[in-house]
Amino acid sequence: MKERIKELLEEVKGLQALNKEDLESLRIKYLSKKGEITSLFNDFRSVSNEQKREVGQLLNDLKNTAQNKIDELKSSIENKIDEENKLDLTRTPDPIELGTRHPLSIVKTEIADIFGRLGFVIAEGPEVEDDWHVFSALNFPPEHPARDMQDTFFITRDPDVLLRTHTSSVQTRVMTSQEPPIRVLCPGRVYRNEAISYRAHCFFHQVEGLYIDKNVSFADLKQALLYFAKEMFGEGTKIRLRPSYFPFTEPSAEMDISCNLCGGKGCPFCKGTGWVEILGCGMVDPNVLDSCGIDSKVYTGYAFGMGIERITNLKYQVKDLRMFSENDVRFLNQFKSAY
């Protein structure tokens, strides 16, 4: 009988139950009125008087071990059920879907990554600015007709407080607070008082770059922009620079890329020319350097700026600028695999 008790003891120690039904089966098998342990207690009467004390102790240990094991399994199963049925009262009643990055964020990050490989670092500044940082320091004299190129939102009746019309104001802040060499990329939202349509909006996003050091040339600018165009639109992309005018750069240029839809052959998107304008650029005007406290006789630099919406349109063929700010999930869901 002692051997049978030892066998059952080892058996009981290794019991496992996945659910309440399994647990009930084990309880019936070992601890019920007709269970194996109960049967051993019934057979205890036939044990000799000399062995009763030892066998009785073994039987009690077996019964206690079996009861503790059943209780342990019961507690484990109940905790598991409670965990599975536990309610998260902070969850919304609707299924939660994973979101996606906005196409403008995708393109802005890609632009920053490309110029980051050329050593440019991100610089940011306030959207509510003063006249000096937005205009005067950038060679826009009072009453200069170039100010009419950017119809400005003024915050108060004081014409010195306004919403920035370009992120060049960040470049101004960098030039007045840092010593050259300077190599920064300035992304951000800008505001202009324009009628909202499929091709224009009262706010949009820009990325502007600035590089100032000794012996910086127009050739350096051209090489940086060529690298950007090839990385953003493909190795076969070509660029061309056309003379232009900006108050803060001299000489100034506008840059076109070969149409990425027709490969430069001519299509309705590029109006049959094979070229699409994407940004403005030029060498930083010496007056701008001097007004920001940088010696223009020692340092030169270049600057460029582009609209993120413009680059996104070219990359994803989005024909209506308003779609970027309307938060239509049907539009945004198209970019789930774009990054």
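The structure displayed is predicted, hence computed values, not measured ones.
What you find for Y302 and S217 is that their closest heavy atoms are CD2-O, 4.2 Å. Residues Y299 and I294 approach most closely at CD1-CG2, 3.8 Å, considering heavy atoms.
A 6.0 Å sphere centred on CD of E179 holds no more than 12 heavy atoms belonging to other residues, nucleotides or ligands. Applying the 6.0 Å contact sphere to NZ of K63 captures no more than 12 heavy atoms from other residues, nucleotides or ligands. Taking a 6.0 Å sphere around NZ of K238, one finds it holds 12 or fewer heavy atoms contributed by other residues, nucleotides or ligands. More than 12 non-hydrogen atoms from other residues, nucleotides or ligands lie less than 6.0 angstrom from CD of E127. By the neighbour-count criterion of 12 heavy atoms within 6.0 Å, atom CZ of R330 is sparsely surrounded, having that number or fewer from other residues, nucleotides or ligands. The number of heavy atoms from other shown groups lying within 6.0 Å of CG (D71) is above 12. Within a 6.0 Å sphere centred on NZ of K222, other residues, nucleotides and ligands contribute 12 heavy atoms or fewer.
Note: F304 and F115 have parallel aromatic rings, judged against thresholds of 30 and 60 degrees for the angle between ring planes. Aromatic ring pairs are classed by plane angle as parallel below 30°, tilted from 30° to 60° and perpendicular above 60°; the pair F335 and Y316 is perpendicular. Using cut-offs of 30° and 60° for the angle between ring planes, the F248 and H166 rings count as perpendicular.
In summary, of the residues considered (H133, M175, Q171, Q178), a side-chain contact (heavy atoms from CB on, under 4.5 Å) with C292 occurs for M175 alone.
A single hydrophobic cluster is seen to contain both L118 and F218, as judged by linkage of ILVMFWY side chains at heavy-atom distances under 4.5 Å, directly or through other members. When hydrophobic clusters are built by joining Ile, Leu, Val, Met, Phe, Trp and Tyr residues whose side-chain heavy atoms come closer than 4.5 Å, directly or via intermediates, V190 is not grouped with F154.
By the 4.5 Å heavy-atom criterion applied to side chains, M306 and I311 are counted as neighbours. Using a 4.5 Å cut-off on side-chain heavy atoms (C-beta onward), I239 and D256 make no contact. Between L185 and V207, the closest side-chain pair of non-hydrogen atoms falls below 4.5 Å. The shortest side-chain heavy-atom distance between E110 and K315 falls under the 4.5 Å cut-off. For the pair F120 and V184, the minimum side-chain heavy-atom distance is 4.5 Å or more. Two residues are said to be in side-chain contact when any heavy atoms from C-beta on lie closer than 4.5 Å; L241 and C281 meet this criterion.
W275 belongs to no multi-residue hydrophobic cluster, having no ILVMFWY side-chain contact under 4.5 Å with any other such residue. Other cluster members for V128: F153, I155, V161, L163, Y191, F203, joined by side-chain heavy-atom distances under 4.5 Å among Ile, Leu, Val, Met, Phe, Trp and Tyr.
No side-chain donor-acceptor contact under 3.5 Å links S76 to the backbone of E72. The backbone N or O of Q206 sits nowhere less than 3.5 Å from a side-chain atom of K108 that would complete a donor-acceptor pair. Checking side-chain atoms of D285 against main-chain N and O of E250 turns up no donor-acceptor pair under 3.5 Å. At least one donor-acceptor pair closer than 3.5 Å links the side chain of N333 to the backbone N or O of V329. Judged by distance alone, the side chain of T167 and the main-chain N or O of C186 form a donor-acceptor pair under 3.5 Å. A donor-acceptor pair is defined here as one N or O able to donate and one able to accept, closer than 3.5 Å; no such pair exists between the side chain of H201 and the backbone of R322. Side-chain N or O atoms of S258 include none that pairs as donor or acceptor with a backbone N or O of T237 at under 3.5 Å.
There is a side-chain donor-acceptor pair under 3.5 Å between S136 and D131. Between the side chains of T152 and R164, no donor-acceptor pair is found at a separation under 3.5 Å. Defined by atom type and a distance below 3.5 Å, a donor-acceptor pair is missing between the side-chain atoms of N313 and Q317. Side-chain N/O atoms of D22 and S25 include no donor and acceptor closer than 3.5 Å.
Ion pairing of R192 with D151 is absent here, as no side-chain N (NZ or NE/NH1/NH2) approaches a carboxylate O to less than 4.0 Å. Using a cutoff of 4.0 Å between basic side-chain nitrogens and carboxylate oxygens, R310 and E277 are not scored as salt-bridged. Using a 4.0 Å cut-off between charged nitrogen and carboxylate oxygen, E129 and R173 count as a salt-bridge pair.
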* Asked: What's the verdict on side chain to side chain contact (heavy atoms under 4.5 Å, CB included) for V107 and L104, showing C-alpha distance, side-chain angles and the deciding distance?
  -> CA-CA 5 Å; V107 172; L104 295 180; 5.9 Å; no
